[in-house]
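In what follows, chains carry the letters A, B, and so on, assigned in the order in which the sequence lines appear, proteins first and then strands, with residues in each chain numbered from 1.
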4 protein chains.
Amino acid sequence: MSSAKRGRGRPRSEEAHRAILGAAEKLLLKHGLTGASMDEIADYAGVSKATIYRWWPSKELLALEALLRSWDADVDDKKTDTGTLRGDLRAILRPWVKRATERRFTPLVAALTAEAQRDRHFAQTWRERFMESRRAGDREVFARAIRRGEINAKTDIDLALDMIFGTLYHRLLHAHQPVSVPVAYRVVDQVLAGLGSSA
Amino acid sequence: MSSAKRGRGRPRSEEAHRAILGAAEKLLLKHGLTGASMDEIADYAGVSKATIYRWWPSKELLALEALLRSWDADVDDKKTDTGTLRGDLRAILRPWVKRATERRFTPLVAALTAEAQRDRHFAQTWRERFMESRRAGDREVFARAIRRGEINAKTDIDLALDMIFGTLYHRLLHAHQPVSVPVAYRVVDQVLAGLGSSA
Amino acid sequence: MSSAKRGRGRPRSEEAHRAILGAAEKLLLKHGLTGASMDEIADYAGVSKATIYRWWPSKELLALEALLRSWDADVDDKKTDTGTLRGDLRAILRPWVKRATERRFTPLVAALTAEAQRDRHFAQTWRERFMESRRAGDREVFARAIRRGEINAKTDIDLALDMIFGTLYHRLLHAHQPVSVPVAYRVVDQVLAGLGSSA
Amino acid sequence: MSSAKRGRGRPRSEEAHRAILGAAEKLLLKHGLTGASMDEIADYAGVSKATIYRWWPSKELLALEALLRSWDADVDDKKTDTGTLRGDLRAILRPWVKRATERRFTPLVAALTAEAQRDRHFAQTWRERFMESRRAGDREVFARAIRRGEINAKTDIDLALDMIFGTLYHRLLHAHQPVSVPVAYRVVDQVLAGLGSSA
DNA sequence: GTGTAATCGAGACGGTACGTCGAGTCTTGTG
DNA sequence: CACAAGACTCGACGTACCGTCTCGATTACAC
């Protein structure tokens, strides 16, 4: 019956896996997509390049996973249910701003975003694994507000989220204006105000 | 005609200059920053690579200029003074959306944005020549609205602009949601609505 | 008879053995030493690579054995005693030329000869198993001729054999001149003529 | 006259060329075709790998040229006209044996011979540049003997040469029997004796 | 029968070299 | 001088193959 497919061959080394991701996190996050080479990563991980390529078909996919892990690493994903939409959004944005500004995520995010323009397939993966996955939670916050009757049921949630995160990413990427918790709060306020009237 | 400041040697070839930018526009816009090589560009322009590097210190700077020229090429920058802020913004965004969606700008913009993360110096140039230059006009529209008393004098113009363009770029870059003229109008409406209440 | 040393564990699979040699013969003979990979051979034999390496320490040794088997496969090693040295040598060379020209032995022979230059140990094995083993019979033909008084007892048999096979291999390896049964006969004639006078 | 094609661009660096061939001679001759890597050669030559590949399409072709140069390096190609065929052949073989036995040519020769079996194109080059080029002179020695009336005009020169060099290469490659000047002389004698009677 | 021991298939792994590509620099000869 | 041609350096890329290793599953002989 079952378990038929229980591993036949040599089991894949979780050790190696971890080492690769560790090296990728460290080197790619630090030096960026082009700043770190696969050879370096392999060396640093004490692993052969072939082993990396066995599991990650490209540098970009490896970087994506490293980014994801690093991103999710220090999240205290406290179920943020503060009772108000504004409160929930603030609770989401507070740690987001910290991560986004403290650590060197932006270079990788920018590089992978650029890669997504060149490779439709990667773009798909990028959307699913980076964008959509964190978006799901954010959408829920709006859904709750709708259930509460706090905002109009017809609110375009995706647009609202794009206005919030689009604005902040824009500043992050071009660094022409500061990104901070207060700024994030103001963005939330503006968006919320806008929602009300367009209802 | 004279040519007073004629140097000693062979005069610089405007012809070559134009050819380089033409090739850069064509190839870089079409295939992206990594998709086109300097050798290809030189070949296509019928120019030596050294000549390119004499005038543009790097591929990125060349791409930046090509992007700028292409961007400004088909602009009917009719001084758009419609009398209302909403009208002015719509007038600005209508051609913007066309350019941004019709032509292949996004890959280059994304690639150069990524480059800006790696190179502080390039980031500076990027901000000045790409961001700020088009921003000036946009800001003026808000300034006019303030003078008209249409919006609060303390309005954070930069934030408003980031909310508009940030949102649209966000969608452009990740293609998770559509970008269209109606969408752009809705963004304007939301932002304007937000401005009012936070005044 | 033997089987005395029957071990404790699972007996070695004769099936696997045959399959490996079969695959080796087929693939190595067809594509050469570098043209066929161990992975391919293992796959084709339906056997794991480790099983191959358990019994053959290296690709070269496996190839050697495959070559030997294939070489000896279609030999009608009719004890060729024709009564004269010339007749015996012709009887030996006739099938030799066929094998050497018809099938794809030369690439393997060349590759293994090259390997013998790099690895003294393999060179030893190569000499013993490939050269010497087929040489024994050839030498006997000369010994018979000496017993018959057909040629001088002091004839340098090894030199004679080297002159015959060296010449033919030379042509085989560099393909600058044809190898055929008539050519082989002429070589024999020349060598025999030479022997007589140097006696 | 010609010279029309005198380079426009940067002239190829004879320095680099020499360095590459020097490194190739040293490393490939010393460690063999597989024992030396292109990276090592590039390093040793103080040259980039790309430069090597610009001029030599493959490791094998580079090795061929290195072999040729090294082979021809220490030749005192004294026009050997001793008056007799035997004398001429001895004069040719004396230095040949020295080169062939003293220096580490055989591994490379064997490896390239093996390569010639895999690649028809390389085989062609190999024959032309290694075999035929040195053969031309050897053939002339026989032609002279024919003109002198020393040997039959119908002598199969190529066969005679194959018998001489084939025999010696055979011993060189398999090392089952010694190669020395006396041995070479005996081979010559045998071949010459054979020629006479088959005339 | 149950334990012990060798073998096998599957397949991951480290290592090492390959040949390719692109950016940017440098060296000539020519206009 | 500015330019065209193009050789050169540097360094990364992704691929391929070898031989080793780790497992779990088999298949005997021995107790």
Inset, instruction - Name all residues meeting the salt bridge (Lys or Arg N to Asp or Glu O under 4.0 Å) criterion together with D:Asp119; count only those two or more places apart in sequence or in a different chain, and write none if there are none. - result: none

Inset, instruction - For C:Ile41 and E:dG11, give me the distance from atom CD1 to atom P, rounded to whole Å. - result: 19 Å

Inset, instruction - Would you please name every residue forming a side-chain hydrogen bond (donor to acceptor under 3.5 Å, both in side chains) with A:His17, sequence neighbours left out? - result: A:Arg12

Legend entry - Between C1' of F:dA12 and CG of A:Asp43, the distance in whole Å: 13 Å

Inset, instruction - Determine whether A:Leu112 and A:Phe130 make a side-chain contact, defined as any pair of heavy atoms from C-beta on separated by less than 4.5 Å. - result: no

Legend entry - Partner of B:Glu25 by salt bridge (Lys or Arg N to Asp or Glu O under 4.0 Å), out of B:Arg69, B:Arg104, B:Arg18, B:Lys30: B:Arg69

Legend entry - Close side-chain approach of B:Leu62 and B:Met38, heavy atoms under 4.5 Å: yes

Inset, instruction - Specify the separation, in whole Å, of atom CH2 of C:Trp56 and atom C1' of E:dT7. - result: 14 Å

Inset, instruction - Check the angle between the aromatic planes of B:Trp71 and B:Phe105 and answer parallel, tilted or perpendicular using the 30° and 60° thresholds. - result: tilted

Legend entry - Atom-pair distance (CG on C:Leu61; P on F:dG19), nearest Å: 10 Å

Legend entry - Within residues 11-25 of chain D: residues closer than 4.0 Å to DNA chain E (heavy atoms): D:Pro11

Inset, instruction - Grab the NZ-C1' distance between D:Lys59 and E:dG19 for me, whole Å please. - result: 12 Å

Legend entry - Spacing between B:Asp119 atom CG and E:dA23 atom P, to the nearest angstrom: 16 Å

Legend entry - Inter- and intrachain pairs under side chain to side chain donor-acceptor pair (under 3.5 Å), touching residues 57-67 of chain D, at least two apart: D:Trp56-D:Glu65, D:Ser58-D:Glu60

Inset, instruction - Using heavy atoms to find the nearest nucleotide of DNA chain F for D:Arg10 and C:Ser58 separately, return the residue whose nucleotide is more 5′. - result: D:Arg10

Legend entry - Interatomic distance where CG belongs to A:Leu62 and P belongs to F:dC13 [whole Å]: 11 Å

Legend entry - Beyond-backbone contact of A:Leu173 with A:Thr113, side-chain heavy atoms, under 4.5 angstrom: no

Legend entry - Contact residues, residues 45-55 of chain A to DNA chain F [heavy atom, < 4.0 Å]: A:Lys49, A:Tyr53

Inset, instruction - Indicate yes or no for a side-chain donor-acceptor contact from C:Glu40 to the backbone of C:Ser37 under 3.5 Å, with no hydrogens or angles considered. - result: yes

Legend entry - Donor-acceptor contact below 3.5 Å, side chain B:Arg127 vs main chain A:His174: yes

Legend entry - Neighbours of DNA chain E within residues 26-39 of chain A, by heavy-atom distance under 4.0 Å: none

Inset, instruction - State, yes or no, whether a side-chain contact exists between C:Leu67 and C:Trp126 at a heavy-atom distance under 4.5 Å. - result: yes

